Amino acid sequence: MQPATNFPRSLYTPSIFALISSEISMQERMKMKRKFWIRSLVFVTFILGTLHFLATGAAGQSQGLLATKENRRSVVYTEAGEITALDVSNGQKDFGSYHMEFFTLDTRSLLLPVLLHADMVFYVHTGRGTISWIDKNKVEVLQVEPGDIYRLEEGTVFYIQSSGDSNREKLRIHAIFSTENPTKCLPTRILSSKKNPQEICWKNEKFSARKSAESFIGGAYSNIADLVRGFDMEVLQMSFGASVEVIEKIKRTEKPPLIIPFEVKNESESHNSDWKGVFEAVLGMRTDDVLNGNVDKKAFNVFKRKPDVENRHGRSITLTQKDVKSLEGSSMGVFMVNLTKGSMIGPHWNPKATEIAIVIEGHGIVQVICPSNPSGFGIEKFTTKKFYVKEGDVFIIPKFYPMTQMSFNNSSFVFVGFSNNGKKNHPQFLTGKWSVIQAMDREVMAASFNVTSKTFEHLLAKQKDEVLLGCEGCAEEVKKKLEEEDEERRRKKEEEEAKRREEEEEARRHEQEVRKREEERKREEDARRKEEKEEKKREEERKAKEAEQRSVEEEEAQRRKEEEETQRREEEEEAQMREKEEEAQRKWKEDEQRARETREKEEEMRIRKREEEVQRERERMKEEEEVGKGEKRKGKHKGDVIRKSNEEKDEAQKKEEEEEDGMRKGEGEIEKGEEREKIKGREM
């Protein structure tokens, strides 16, 4: 494996800073340095992460069909025990995602009470102990030993205690968690009255993946004590009816690890005294009653069941809901295969279930064939997958994928596992008396293989009826091929690395030459830019002087233009003033002439009127003289008429005098207006 610094020389070159010429500022230097180191760090991180992923896989997740023991992530680790976990998924829609955990408890240890968030099916690998849970306010206790299988439903509160015998093995339990349930059908009226129940039936493969993924967001289970501590003190005090001191102790007591040392018979041990009261308060019952409850549950033990298949090459057993009562209502099944030394299982596939297997003893080889060859499985493209497995490894076999397992000549190969179909799954074998090839028409099968019937008969002639077969050296041969393939891949990788280093060296030399030419070109470019800059500066100065001269000339022209405009405007105003004065003089003369003519006309009219009145008066007086001057009554009347006539004359004369005064005043006003106009014209 090449060192981490073996990344492209284009990114890592000690002389890279020679690219920076002396004209570049210090700030630009620092900026390029930061950019270089950031790129280098990102590249190294990517390379190391990729190599680590290829070597070990993502932490706590299955990589393809195999997850080695080293892939597990640690959930709990104490002196009393540990829990590791693994999430498995084969990438198929009908399989979903499953969570697995591996419990290991030392003798005289206790897994504190937890609340299950999903169904848990488990297998006891080694050791002995008890699993207790609360069912309808009653403590159910299950005594477990190697080979036991049991299921706890979601929502169950349980805890595990290992045996107190120090001579016994550690209690090891392999568990798988799933929220999948058997097929459910909703009432027809909820969805549509036009559909029958079969059409609206929800099958677990349609919703299990989503529900399973949602269930493990907060983990497969939660600590009961943590749930209690989450509430306020007032809520706990009212709920439990306990004193403030007890509630404060529950809230403030240091949280213990999930797995602790514990021995029921010796209650005086100091490491138990701190949390014992808390444990009792949470469960609502005495610790002695809980941990020493009556054993009234029994688990199914695979070693006490007659194998489905057994011969000198091994044995196999498959368990479903019909076989194990505790699995009723679950979608999970359990199987165990034990291959003796130098044996194999004949090639076969599962038509209804995907299997998740855990190697519990020995080591072996697993070979899987992709049933078709479109894009392959997951992110990998393959038609055949072979891998070596050892104790603690987990491998997945999707349904319809033909497979075979082989043991080595020096050890047996035992694995136990879970299938995602709780019903009976009948494996379809390619060899043996249950072989589908044996059952099919020989001529049809010969045509399928594109061989003659005789050749096909020779293929089946020596076939054994057994499905567990002897195969000495098969695993070794496959492992040898795997090692050769690994060696070939390593050799090719080394060659690629060497070629890459040569290319990087060549690229580095080329880069140096390019950089040297670039520096020379840059110096010439800088000199040219400098000359252009000076020429541009001179041109700008010349243009600035010309612009300044043009500006002065434009200002002078503008000033002359403004003076001429001012003079022209003054002359126009003087001409307008003279015209106004002449117009006023002419208007005054016209008004005076009209007034004189009006006065003359009025004077003529008054004279004519006075003459007419005098004439009328003379005529009247003449008539009166003719009528008779002696008549008193008529004389009196005439006197009144004369007096009235005289009054009218006086009134007319007074009116004429007033009109003459008005005309004189009007003429005075006209003269004053003309005088004001003249004064105003002189001021302007």
Side-chain angles (χ1 to χ4, degrees), residues 62 67 75 83-90 95-104 111 114-126 129-133 135 140 142-160 171-183 204-205 208-209 211-212 215-216 219-221 297-305 317-337 350 352-360 394-397 415-425:
S62 62
V75 178
I83 302 175
T84 57
L86 185 69
D87 295 319
V88 295
S89 175
N90 69 353
F95 180 71
S97 176
Y98 289 85
H99 181 71
M100 300 184 72
E101 292 202 3
F102 305 87
F103 300 85
T104 302
L111 172 72
V114 294
L115 169 64
L116 274 178
H117 298 171
D119 281 6
M120 181 179 80
V121 178
F122 62 86
Y123 168 81
V124 181
H125 183 197
T126 62
T130 58
I131 299 178
S132 306
W133 65 94
D135 185 13
E140 301 287 354
L142 176 69
Q143 208 166 44
V144 295
E145 60 182 359
D148 281 352
I149 298 170
Y150 205 80
R151 171 206 175 207
L152 293 177
E153 297 183 11
E154 60 181 358
T156 301
V157 177
F158 78 98
Y159 48 92
I160 304 174
L171 178 60
R172 292 184 175 87
I173 297 177
H174 305 330
I176 188 168
F177 298 84
S178 170
T179 58
E180 292 186 344
N181 294 314
T183 302
N204 39 350
E205 56 261 24
S208 61
K211 191 173 181 183
S212 179
S215 300
F216 301 124
Y221 46 80
K297 293 288 183 179
K298 291 185 178 180
F300 185 95
N301 194 284
V302 295
F303 298 126
K304 298 178 181 179
R305 165 73 179 266
I317 183 172
T318 301
L319 303 171
T320 65
Q321 300 176 12
K322 294 181 179 180
D323 305 308
V324 183
K325 186 177 181 181
S326 63
L327 294 180
E328 291 180 0
S330 170
S331 62
M332 302 300 295
V334 181
F335 63 90
M336 173 182 277
V337 176
N350 292 316
K352 294 184 178 180
T354 293
E355 295 180 347
I356 306 168
I358 310 163
V359 181
I360 61 175
V394 175
F395 59 92
I396 305 170
I397 308 296
F415 54 92
V416 65
F418 309 94
S419 63
N420 68 339
N421 191 327
K423 298 180 180 180
K424 194 68 176 178
N425 174 62

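Quick caveat: nothing in here was measured; it's all calculated off a predicted structure.
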Verdict with supporting geometry, Tyr221 and Leu115, side chain to side chain contact (heavy atoms under 4.5 Å, CB included): CA-CA 5 Å; Tyr221 46 80; Leu115 169 64; 5.9 Å; no

Main-chain N/O of Glu154 paired to Asp119 side chain as donor or acceptor, under 3.5 Å: yes

Heavy-atom donor-acceptor pair, Asn420 side chain to Thr354 backbone, under 3.5 Å: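 Between the backbone of Thr354 and the side chain of Asn420 there is a qualifying donor-acceptor contact (under 3.5 Å).
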
Which heavy atom of [X] sits nearest to which heavy atom of [Y], and what is that distance?
| X | Y | answer |
| --- | --- | --- |
| Met120 | Ala175 | CG-CB, 3.8 Å |
| Pro146 | Asn301 | O-ND2, 2.8 Å |
| Lys298 | Leu142 | C-CD1, 3.4 Å |
| Met332 | Leu327 | O-CD1, 4.0 Å |
| Ala85 | Glu101 | CB-CG, 4.0 Å |

Phe158 and Leu111: CA distance, side-chain angles, deciding distance, side chain to side chain contact (heavy atoms under 4.5 Å, CB included) verdict: CA-CA 9 Å; Phe158 78 98; Leu111 172 72; 4.2 Å; yes

Aromatic ring pairing His174/Phe102, orientation class (parallel under 30°, perpendicular over 60°, tilted between):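 His174 and Phe102: perpendicular rings.
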
Does any part of the side chain of [Y], heavy atoms only, come nearer than 4.5 Å to the side chain of [X], both counted from C-beta?
| X | Y | value |
| --- | --- | --- |
| Asn350 | Ser419 | no |
| Val157 | Trp133 | no |
| Phe177 | His117 | no |
| Val324 | Val334 | no |
| Val302 | Val416 | no |

Working for side chain to side chain contact (heavy atoms under 4.5 Å, CB included), residues Tyr150 and Val144: CA-CA 9 Å; Tyr150 205 80; Val144 295; over 6 Å; no

Distance from [X] atom [atom1] to [Y] atom [atom2], nearest 0.5 Å?
| X | Y | atom1 | atom2 | value |
| --- | --- | --- | --- | --- |
| Met100 | Thr84 | CE | OG1 | 9.5 Å |
| Ile360 | His125 | CD1 | NE2 | 4.5 Å |
| Phe300 | Ser326 | CZ | OG | 9.5 Å |
| Lys304 | Ile317 | NZ | CD1 | 13.0 Å |
| Asp148 | Tyr123 | CG | OH | 9.0 Å |
| Ile131 | Ile173 | CD1 | CD1 | 4.0 Å |

Pair Phe395 and Phe415, ring centroids less than 6.0 Å apart: yes

Intermediate values then yes/no, side chain to side chain contact (heavy atoms under 4.5 Å, CB included), Ile356 and Val394: CA-CA 7 Å; Ile356 306 168; Val394 175; 3.8 Å; yes

